[in-house]
There are 2 protein chains.
Amino acid sequence: MRVTIKDVAQKARVSTATVSRVFNNIGPVEEETRRRVLETAKELRYTPNAVGRSLSTKRTDAIGLLLPDIYGEFFSEVIRGADQTAQQHRYHLLVSSSHNHRDEIETALRVMSGRVDGLIIMSPQIDAEILTTNLPTNLPVVLLSCFVEDVPYDSLNIDNFGGAKGIVQHLLQHGHRRIAIIKGVENNLDAEERLRGYRSALQEAGIGPDAALEIAGKFSETSGYEAVKKILSLHPPPAAIFASNDATAIGALSALHEMGVAVPQEMALAGFDDIPIAQFFSPTLTSVRVSISDLGALAIQKLVQAIHEKSNHVKQHVVIPTSLALRESCGCPKPH
Amino acid sequence: MRVTIKDVAQKARVSTATVSRVFNNIGPVEEETRRRVLETAKELRYTPNAVGRSLSTKRTDAIGLLLPDIYGEFFSEVIRGADQTAQQHRYHLLVSSSHNHRDEIETALRVMSGRVDGLIIMSPQIDAEILTTNLPTNLPVVLLSCFVEDVPYDSLNIDNFGGAKGIVQHLLQHGHRRIAIIKGVENNLDAEERLRGYRSALQEAGIGPDAALEIAGKFSETSGYEAVKKILSLHPPPAAIFASNDATAIGALSALHEMGVAVPQEMALAGFDDIPIAQFFSPTLTSVRVSISDLGALAIQKLVQAIHEKSNHVKQHVVIPTSLALRESCGCPKPH
DNA sequence: CTCGACTATGTAAACGTTTACACAGTCAAA
DNA sequence: TTTGACTGTGTAAACGTTTACATAGTCGAG
């Protein structure tokens, strides 16, 4: 039914080996033969079967990308960066989400492991121990936003602590002393580190911790919206809010508008991630800049490198720096 | 090196056929044997090799998702819906973007075609003719937002015309007569249909076409932002703007704020797509509601169905209805 | 007791490639 | 003329499964 290498070989009066050589540009083939093979292949509309090839070469030319979720601009940016870089390296991208659920991660890992040459795993809530028991030991892996404590994998982490600390320090510089935080998901590495950065900045400014100012959140717009309602019921209310990510900040901004609270005059606000849409809100949203698509791209690069170097690859833990994207919502003038 | 079915068979003192039967829950296997095989498999940490299986069964258990781009919330929603439904049906998702570039689509199609059981292609700018020459004739395909004119593929299209017409009619009901449109990308099916809907609504209201009110755009925030600058220089300026998608509307809103134009009092505004974040802007953004994630989900469902029914599958062209998401930016009161 | 049906299992081919190895031919150097 | 290197090509095994077919054993009906 389907046209195979044998059909081409037979029709072109050569062996399958020769056809294979032609299609892989490998080994010596006489020009006349090559021409004949290519012509025959075109005639028969032959394309090499990827599965057969994979079985033989033990390569799949695919990379798995396991995300905790696929919601909002943050993840689309990650995927975008990864896709772009994967294409450059001639790899396919197998995308899947785990919903941060242990079982789903396990099955995803197992079921993906056979069909990819390497794996990028973003799992801020589930510890990496799950990996060692569910993955073949020699499969290259890059961890994104994972708890990494001497795990034998490459890893990429955003400088959550530094970024959060920096932005809170900036809010302090605006003269605010009572600064609330809307926290991220519980037991989430990114969330915890950002909280730590927040506390550290306050402490260094000589401001004691105040549990009432640490409001629960879930990294979602809705949770930011709801958190603001709680925050505004405080007496006295804080002068500024640090939202643990931009989605939360956006929800918060929406609630503040609705309650008639002027931002930044009556309440300063800052987020984290600097998703592209942040600059289109009014006031434009101050945030901690992370080049999210670069994060995806870098992960692919590291993974491809690991795949090629195979056994003698040196694992690295990289921390990606952040910078401040100062806009109107914290009280800064909008950059021209 | 890698542990295969043979290793398990040997250790469990059975044939590979039996091991296969156990792992596929197929055919009769004595309970005692089954137990022994499973135990041995666990002991050796055996997992069936997907590639070998694929070669034998001629199934890959993967679905390709080819998108024009991966940017912003629209596409993350498509991917999210597709991923979720694919997982339910035990399919993997191979995601790739084509940047709307003909060459990239061609290579993507060719290179994907061997490794997926079916393909979802979103290509609002490139005609489907490209498919027939680059795809095996029997590969199930679902087209998203493609020009479909008796092409032999399943297709899903948003009711762009109806949605656009409806929202413009709504703007008319608010009493606005001069309504501008910020158009989408050129030669893009969705964009053209939305423009057609806009014109149709105006015509039926007895308002003649006015080329000056049809502003170029690119479905991006930036293009919306820039379009507004042009719109505000019109004499007299229009009373309302219909942006061809939400990204454009968001950019437009940002520009209007910056120029000090009150929305909706001085300028009413509406978008298209109703991306989740639309309701968090202020004013909340009126839009044409499309359940984007359902679009992705539905595409997968149709494709899975086509895969199973194989040859005797009846192709369908489905038009997905839209509804109006009326919020503040058009002048409606915010729903509670 | 015989036969057929059924259960449990094994044998081996098939899937579509790649590639190690073998082989024949050509050509230049010795 | 022999030798060795090199070029161009073919043979066949290997990759890890599934599955059609074969076989052996058990059991109940006749």
Side-chain angles (χ1 to χ4, degrees), chain A residues 1-38 40-41 44-62 110-117 136 138-139, chain B residues 1-38 40-41 44-62 110-117 136 138-139:
Chain A
M1 187 67 58
R2 204 186 178 296
V3 32
T4 77
I5 200 174
K6 283 183 195 163
D7 302 322
V8 178
Q10 192 175 353
K11 186 120 192 261
R13 302 186 311 282
V14 294
S15 71
T16 60
T18 299
V19 178
S20 175
R21 280 190 275 259
V22 169
F23 269 85
N24 293 294
N25 274 316
I26 198 181
V29 179
E30 209 185 350
E31 195 47 43
E32 152 68 8
T33 314
R34 167 187 308 279
R35 205 193 43 69
R36 202 169 69 240
V37 167
L38 286 175
T40 315
L44 297 180
R45 305 181 102 251
Y46 166 72
T47 10
N49 178 289
V51 177
R53 176 176 284 177
S54 284
L55 188 57
S56 190
T57 59
K58 297 171 170 319
R59 289 183 295 106
T60 63
D61 300 323
R110 257 205 274 274
V111 89
M112 263 194 172
S113 72
R115 34 180 88 235
V116 296
D117 296 338
N138 52 353
L139 186 72
Chain B
M1 187 66 57
R2 202 184 179 300
V3 33
T4 76
I5 201 172
K6 284 182 194 163
D7 303 320
V8 177
Q10 194 175 351
K11 185 119 192 262
R13 304 188 310 283
V14 295
S15 70
T16 60
T18 300
V19 178
S20 174
R21 278 190 276 257
V22 169
F23 269 84
N24 293 293
N25 273 316
I26 198 181
V29 180
E30 208 185 352
E31 198 44 46
E32 151 70 11
T33 314
R34 168 187 307 279
R35 207 192 42 70
R36 202 168 70 240
V37 167
L38 286 176
T40 316
L44 297 180
R45 304 180 103 250
Y46 165 74
T47 12
N49 178 289
V51 177
R53 177 176 281 178
S54 284
L55 188 57
S56 190
T57 59
K58 301 175 167 318
R59 289 184 295 108
T60 64
D61 299 322
R110 257 204 275 274
V111 88
M112 263 195 172
S113 71
R115 34 179 89 236
V116 296
D117 295 338
N138 52 352
L139 186 73

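Letters go in sequence order (proteins before strands), and every chain restarts at 1. What's counted below: heavy atoms across the whole structure, side chains too, no hydrogens, waters or symmetry copies.
- For A/Ser54, no side-chain nitrogen or oxygen approaches OP1 or OP2 of D/dC15 to under 4.0 Å.
- Whole-Å rounding puts the A/Lys6 NZ to C/dT17 C1' distance at 10 Å.
- Nucleic acid contact for A/Val51: none, since no nucleic acid atom lies under 4.0 Å from a heavy atom of the residue.
- We find that CZ of B/Arg35 is positioned 12 Å from P of C/dT9, with the value rounded to whole Å.
- Distance, A/Ile26 CD1 to D/dG10 C1': 16 Å, rounded to whole Å.
- Looking at heavy-atom distances under 4.0 Å, B/Arg13 makes contact with sugar-phosphate atoms alone, never a base.
- Between the P atom of C/dC15 and the CD1 atom of B/Ile5 lies a distance of 19 Å, rounded to the nearest Å.
- As rounded to whole Å, 13 Å separates atom P of C/dA8 from atom CD of B/Glu32.
- Toward the 5′ end of DNA chain C lies the nearest nucleotide of B/Gly27, the other residue of the pair B/Gly27 and B/Thr57 mapping further downstream.
- When the nucleotides D/dG16, C/dC15, D/dA12 are ranked by their closest atom to the side chain of B/Thr4, D/dG16 comes out on top.
- The two residues A/Gly114 and B/Val51 make their nearest non-hydrogen contact at O-CG2, 4.2 Å.
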For B/Thr4 and B/Asn49, run side chain to side chain contact (heavy atoms under 4.5 Å, CB included): C-alpha distance rounded to whole Å, both residues' side-chain angles, the deciding distance at 0.1 Å, then the answer. CA-CA 8 Å; B/Thr4 76; B/Asn49 178 289; over 6 Å; no
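- The pair B/Arg36-B/Glu32 counts as a salt bridge, with a side-chain nitrogen and a carboxylate oxygen less than 4.0 angstrom apart.
- The side chain of A/Pro28 sits closest to D/dT9 out of C/dG16, C/dT19, D/dT9.
- Remark: A/Lys58 is not in phosphate contact with D/dA14, judged by side-chain N or O atoms under 4.0 Å from OP1 or OP2.
- Here the P atom of nucleotide D/dT17 and the CG atom of B/Asp61 are 14 Å apart, to the nearest Å.
- A donor-acceptor pair is defined here as one N or O able to donate and one able to accept, closer than 3.5 Å; such a pair exists between the side chain of A/Ser54 and the backbone of A/Ala50.
- Taking 4.5 Å as the limit, some side-chain heavy atom of A/Asn24 sits within range of a side-chain heavy atom of A/Ser20.
- OP1 and OP2 of C/dT11 both lie 4.0 Å or more from every side-chain N or O belonging to B/Thr16.
- No donor-acceptor pair closer than 3.5 Å links the side chain of B/Ser56 to the backbone N or O of B/Arg53.
- Contact check, A/Ser15 against D/dG10: a side-chain N or O comes under 4.0 Å of OP1 or OP2.
- Across all strands shown, A/Phe23 has no heavy atoms under 4.0 Å from either base or sugar-phosphate atoms.
- Taking atom CG on B/Asp7 and atom P on D/dT17, their separation rounds to 9 Å, with Å as the unit.
- B/Val37 and B/Phe23 make their closest contact through CG1-CE1, 4.4 Å (heavy atoms, listed as atom of the first residue, atom of the second, distance).
- If one axis is set at each end of the helix from C/dC1-D/dG30 to C/dA30-D/dT1 from five pairs, those axes are 50° apart, to 10°.
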Can you pull every protein N or O that's under 3.5 Å from an N or O on nucleotides 20-26 of chain C?
none

Run A/Glu30 and A/Thr18 through side chain to side chain contact (heavy atoms under 4.5 Å, CB included) and show every step you take. CA-CA 10 Å; A/Glu30 209 185 350; A/Thr18 299; over 6 Å; no
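- In terms of heavy-atom proximity, A/Arg115 sits nearest to B/Ala62 at NH1-CB, 4.5 Å.
- Taking every heavy atom of both residues into account, B/Val8 and B/Val3 meet most closely at CG2-CG2, 4.5 Å.
- Between A/Asn24 and C/dT18 there is a side-chain N or O to OP1 or OP2 distance below 4.0 Å.
- B/Asn49 has its CG atom 19 Å from the P atom of C/dC15, to the nearest Å.
- One finds no side-chain N or O of A/Arg53 lying less than 4.0 angstrom from the OP1 or OP2 phosphate oxygen of C/dG16.
- The nearest pair of heavy atoms linking B/Asp117 to B/Asp61 is OD2-N, 2.8 Å.
- Distances shorter than 4.0 Å separate some side-chain N or O of A/Ser20 from OP1 or OP2 on C/dT18.
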